[in-house]
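As structure tokens, the structure follows; a few thoughts come after it.
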2 protein chains.
Amino acid sequence: MVKLAKREEQIMQAFWSLGKAYIKEIIPELPDPKPHYNSVATMVKILEEKGFLDHETVGNIYNYYPKISREEYQKHAMKDIVSQYFNNSYPSMLAFFAKEEKISDTELDELVNLIKSNKK
Amino acid sequence: MVKLAKREEQIMQAFWSLGKAYIKEIIPELPDPKPHYNSVATMVKILEEKGFLDHETVGNIYNYYPKISREEYQKHAMKDIVSQYFNNSYPSMLAFFAKEEKISDTELDELVNLIKSNKK
DNA sequence: AAGCTAATACTAATGAATTAGTATTACAAC
DNA sequence: GTTGTAATACTAATTCATTAGTATTAGCTT
């Protein structure tokens with residue numbers, strides 16, 4: 001899967017939140033300063049060429065929706081990140097967060113349960 | 001902290017591995033095709049301007065070393081990632097990995113111990 | 001000290017991502 | 001059916017990242 005550039009990814013995030021949207025609806029989701037409508041339209045078209053979006057035509061306007069799910073993309077993106085920062089080791093990534101104390105004991109217990117139940 | 005571009009980050013990764021290095025030593029660490037010596041020198045200079053590297057002069061040549069540690073940078077980079085993909089929730093990121101079953105039971109136990117011992 | 005070598009400095013060119021203008025189109029309202 | 005509106009299409013310009021050329025410099029060798 002192609003890695004998305006920054007702005008492309010912001011736009012995909014907006015679509016993933018909204019599910020289905022007109023370009024008009026995407027713009028408010030983007031961080032300030034808001035880009036020009038046509039800038040977004042261009043990126044959306046590129047995203048469609050890349051296979052990330054598809055559209056239905058409603059009268060005169062296009063209603064776009066994601067063709068690739070956030071989860072699918074995350075899977076690839078995180079794989080890259082783990083390979084880049086953590087030498088391809090998921091445990092060493094988790095150890096990093098452990099050291100950073102970003103996870104509370106309660107959360108930890110919940111996660112352990114979640115992981116174990118997923119394994120069954 | 002500034003987010004590094006792809007090549008900049010590759011170069012920083014090389015410095016983080018080597019600790020201290022001449023430009024000459026960085027090049028073999030980079031993925032093929034190896035960039036031109038001067039291309040690397042330019043990026044290294046930019047990285048120095050951005051505060052990621054510093055150097056000592058040894059006779060006629062510069063010996064560069066990281067001013068910002070890999071851990072420091074990771075902390076920021078991962079913060080961005082978690083905010084971007086996981087709505088600022090570290091637990092929800094971990095849940096994602098749990099679902100992906102990237103973590104074995106043994107690894108999980110080790111991590112739980114690691115996290116708990118860090119908390120003391 | 002003149003010439004050789006290996007480094008850095010400076011800078012122009014390329015390429016990718018992004019922006020936004022102008023042109024075009026389709027439909028709706030009158 | 002002409003006009004107005006709001007969308008998309010096309011494309012030129014800008015910006016940022018990256019590359020690599022040429023120029024310069026410092027020190028070593030003779």
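All values below come from the heavy atoms of this structure, side chains included, with hydrogens, waters and symmetry mates left out. Chain naming here is simple, since letters A, B, ... match the order of the sequence lines and numbering starts at 1 in each. Fair warning: this is a prediction, and the values are worked out from it, not measured in the lab.
Between the CD1 atom of B:I61 and the P atom of D:dC28 there is a distance of 11 Å, rounded to whole Å. Here D:dC16 presents its P atom at 15 Å from CD of B:E49, a figure rounded to the nearest Å.
Every residue meeting the side chain to side chain contact (heavy atoms under 4.5 Å, CB included) condition with B:N63, not counting sequence neighbours, appears here in chain and number order: B:K20, B:Y22, B:V58. A:F15 pairs by the ring pair (Phe, Tyr, Trp, His ring centres under 6.0 Å) definition with nothing, not counting sequence neighbours. With sequence neighbours excluded, the residues satisfying side chain to side chain donor-acceptor pair (under 3.5 Å) with A:E8 are A:K50.
Distance NZ/A:K45 to NE2/A:H55: 9.5 Å, rounded to 0.5 Å. Note that CG of B:L4 and CE of B:M43 are 9.5 Å apart. Values are rounded to the nearest 0.5 Å.
Within residues 19-28 of chain B, no residue has any heavy atom closer than 4.0 Å to DNA chain D.
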Let me have a per-nucleotide readout for nucleotides 13-25 of chain C, 5' to 3', with B, S or -, counting only protein heavy atoms under 4.0 Å. ----SSBBBB---
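The 12-atom threshold is exceeded at NZ of B:K34, counting heavy atoms of other residues, nucleotides or ligands nearer than 6.0 Å.
No option in B:V44, B:I68, B:I11, B:I46 other than B:I68 meets the side-chain contact (heavy atoms from CB on, under 4.5 Å) test with B:F52.
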Please produce a list of atom pairs where a protein N or O lies less than 3.5 Å from an N or O of nucleotides 2-4 of chain C.
none

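Between A:Y85 and B:Y73, the two ring planes are tilted [angle within 30° to 60°].
Side-chain nitrogen and oxygen atoms of A:Y62 include at least one within less than 4.0 Å of the OP1 or OP2 phosphate oxygen of D:dA9.
By the rule that hydrophobic residues join a cluster once side-chain heavy atoms approach within less than 4.5 Å of another member, A:Y62 and A:Y65 end up as members of separate clusters. Residues A:I23 and A:I61 do not share a hydrophobic cluster, defined by chaining ILVMFWY side chains whose heavy atoms lie under 4.5 Å apart.
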